[in-house]
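Here's the structure, in structure tokens; my notes come after.
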Amino acid sequence: MPMPKDIGVIDLMLAVPGDDNSHFYEWIKPMLMDKQSHEMFKMPAQYMFKDIPKIDGQDDYVAYTIAQMDKHNIERAMIGIGPYAEQHKEALRRFPDRFFACYEANPNNGMDEVRTIVALKEEFDIKAVTASPAMICPPVPVNDKKWYPIYSKLVELDIPFCPCMGIPGPRLPFGPQKVELLDEVLWFFPELNIVTRHGCEPWTDVAWKLMLKYPNLHYMTSAFAPKHYPKDIVHFANTRGSDQVMYAGYFPMGLSLDRIFSEMPDVPFRDEVWPKFLRENALRVFKLDS
């Protein structure tokens with residue numbers, strides 16, 4: 001069945017654009033070694049994304065983003081807060097019914113990072129802590145002990161952890177994001193909901209096998225155009241994993257919403273999977289009704 005048109009979509013990865021979006025990637029630059037990434041790319045995985053949205057000259061970028069969401073029936077979207085995120089904080093204050101917050105964590109900061117997470121939960125009611133284990137400086141694999149204080153606090157706060165897993169697009173070593181490393185974390189923290197970001201490729205077979213093993217592991221489709229959704233993940237959603245796979249986009253970092261939702265109807269999800277994929281799983285896992 002093609003994608004239903006009457007479902008209020010939850011987008012688990014979106015950002016409010018601006019006149020200059022280079023600040024999206026400032027935190028990655030210390031890890032980039034090649035000249036092209038520093039001098040030619042507008043974003044560090046630009047060689048993979050040929051049609052990065054060009055948005056400029058808007059009087060009100062928050063209102064522009066809301067209009068884009070309305071166009072594609074996106075009811076709510078998760079946006080990051082932290083350094084360089086003043087516009088996102090404005091969006092959260094102006095439209096609390098349309099946006100909810102997440103925070104990109106760096107475990108190298110020790111207990112200060114735990115305190116930051118608690119403070120952001122109190123101020124912005126963050127619904128997730130995200131991570132790019134291969135891109136922080138220095139990198140920290142997901143099963144490294146530096147993460148454990150953060151995992152413990154997330155269990156206590158009852159909010160999910162959303163790490164990028166798989167080979168990263170930016171030209172960085174992939175070791176910290178090997179999907180197999182999640183096995184130890186899922187085993188030791190059975191109360192911690194984990195939702196992977198950015199595809200888990202080329203280890204999607206490991207990802208769905210771990211999801212079959214651990215009900216607290218989930219998968220979001222961030223940074224993938226629908227025509228490139230991994231076939232084994234779609235099959236898993238259509239069979240045993242309908243409660244564990246959910247939608248996330250990549251606007252405006254690498255994909256336009258027009259492209260995503262023009263391709264989405266061709267994804268071969270079963271009828272009963274679509275509501276879960278587009279909305280219900282996100283509502284439940286990220287506790288968006290509370």
Side-chain angles (χ1 to χ4, degrees), residues 1-17 62 64-81 88 91-92 94-104 121 124-130 154 158-164 193-199 211 215-226 229 233-234 236-238 241-265 267 269-290:
M1 172 185 172
M3 179 184 72
K5 301 295 186 182
D6 59 348
I7 294 176
V9 177
I10 307 297
D11 192 331
L12 294 173
M13 191 166 191
L14 183 142
V16 177
V62 176
Y64 169 82
T65 303
I66 290 288
Q68 290 295 305
M69 292 167 62
D70 289 343
K71 179 180 178 181
H72 297 286
N73 203 28
I74 297 173
E75 181 179 300
R76 300 181 71 184
M78 185 158 71
I79 58 177
I81 56 174
H88 282 184
L92 289 163
R94 286 173 58 186
F95 298 97
D97 58 330
R98 303 301 301 276
F99 298 108
F100 57 100
C102 62
Y103 172 68
E104 182 85 6
K121 179 64 176 175
F124 293 100
D125 191 25
I126 58 171
K127 297 297 186 180
V129 164
T130 63
L154 295 184
D158 197 17
I159 58 178
F161 179 61
C162 303
C164 294
N193 274 314
I194 297 178
V195 188
T196 64
R197 282 182 153 186
H198 284 29
M211 283 192 279
N216 54 319
L217 179 62
H218 311 76
Y219 179 106
M220 70 171 80
T221 59
S222 63
F224 274 60
Y229 288 173
I233 295 297
V234 172
F236 179 70
N238 280 333
S242 63
D243 292 330
Q244 292 168 276
V245 180
M246 57 195 82
Y247 165 70
Y250 203 44
F251 170 82
M253 294 78 77
L255 297 168
S256 69
L257 293 175
D258 286 348
R259 177 182 177 183
I260 290 171
F261 286 95
S262 68
E263 295 181 7
M264 190 74 81
V267 179
F269 284 133
R270 293 179 175 174
D271 292 3
E272 64 274 15
V273 174
W274 278 112
K276 295 182 177 184
F277 172 73
L278 293 173
R279 178 181 178 84
E280 294 171 6
N281 291 343
L283 289 176
R284 184 187 74 255
V285 173
F286 292 88
K287 297 178 175 57
L288 299 182
D289 291 329
S290 59

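Only heavy atoms go into these numbers, but all of them, side chains included; no hydrogens, no water, no symmetry mates.
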Would Met246 and Phe286 satisfy side chain to side chain contact (heavy atoms under 4.5 Å, CB included), going step by step from the backbone distance to the final call?
CA-CA 11 Å; Met246 57 195 82; Phe286 292 88; 3.8 Å; yes
Determine the interplanar angle of the Phe251 and Tyr64 rings, folded into 0 to 90°, and report it as parallel if under 30°, tilted if 30 to 60°, perpendicular if over 60°.
tilted
Close side-chain approach of Met69 to Phe99, heavy-atom, < 4.5 Å
yes
Rounded to the nearest 0.5 Å, what's the gap from CG on Leu278 to CD on Glu280? Could you check?
9.5 Å
Would you say Val9 and Arg279 make side-chain contact, with heavy atoms under 4.5 Å?
no
From Cys162 atom SG to Leu12 atom CG, the distance as rounded to the nearest 0.5 Å:
7.5 Å
Quick one: does Glu104's side chain have a donor or acceptor within less than 3.5 Å of a partner on Gly80's backbone?
no
Rounded to the nearest 0.5 Å, the NE2 atom of His72 sits from the CG atom of Asp11 at a distance of 10.5 Å
Verify whether the ring centers belonging to Tyr247 and Phe261 lie closer than 6.0 Å.
yes
Heavy atoms only: give me the nearest Ile79-Leu14 pair and the separation to one decimal.
CG2-O, 3.3 Å
Heavy-atom closest pair (Val16 atom, Ala91 atom, distance to 0.1 Å) is CG2-CB, 4.2 Å
What I'd like to find out is whether the side chain of Ile159 reaches to under 4.5 Å of the side chain of Lys127, using heavy atoms alone.
no
Test salt bridge (Lys or Arg N to Asp or Glu O under 4.0 Å) on Lys71 and Asp258 and set out the steps.
CA-CA 9 Å; Lys71 179 180 178 181; Asp258 286 348; 3.0 Å; yes
With His218, which residues qualify under ring-ring contact (aromatic ring centres under 6.0 Å, His included), at least two apart?
none
Are Phe161 and Val195 close enough that some pair of their side-chain heavy atoms sits under 4.5 Å apart?
no
Closest heavy-atom contact between Ile10 and Leu288?
CG2-CD1, 3.8 Å
Would you please indicate if the ring centroids of His198 and Tyr250 are separated by under 6.0 Å?
yes
Between the side chain of Glu75 and the main-chain N/O of Arg98, is any donor-acceptor distance below 3.5 Å?
no
Leu255 to Ala225 - nearest heavy-atom pair and separation
CD1-N, 3.6 Å
Taking 4.0 angstrom as the limit, do Lys287 and Asp158 come out as a salt bridge?
yes
So, taking the atom named CZ in Phe124 and the one named CD1 in Ile81, what distance separates them when rounded to the nearest 0.5 Å?
5.0 Å
Of all heavy-atom pairs linking Trp274 and Phe269, the shortest is NE1-O, 3.4 Å
So, Thr221 side chain and Ala248 main chain: donor-acceptor pair closer than 3.5 Å or not?
yes
Heavy-atom donor-acceptor pair, Tyr219 side chain to Arg197 backbone, under 3.5 Å:
no
Has the side chain of Asn281 got a donor or acceptor atom that lies under 3.5 Å from a matching backbone atom of Ser242?
yes
Measuring from atom CG of Asp243 to atom CE of Met211, what distance do you get when rounded to the nearest 0.5 angstrom?
12.0 Å
So, taking the atom named OG1 in Thr130 and the one named OH in Tyr103, what distance separates them when rounded to the nearest 0.5 Å?
9.0 Å
Does the pair Asp289/Arg284 count as a salt bridge with the N-to-O cut at 4.0 Å?
no
Compare all side-chain heavy atoms of Cys102 with those of Ile126 and state whether any distance is below 4.5 angstrom.
no
Salt bridge (Lys or Arg N to Asp or Glu O under 4.0 Å) for Arg259 and Glu263? Distances and angles first, verdict last.
CA-CA 6 Å; Arg259 177 182 177 183; Glu263 295 181 7; 2.9 Å; yes
Please name the pair of heavy atoms, one in Pro96 and one in Arg76, separated by the smallest distance, quoted to 0.1 Å.
O-NH2, 4.2 Å
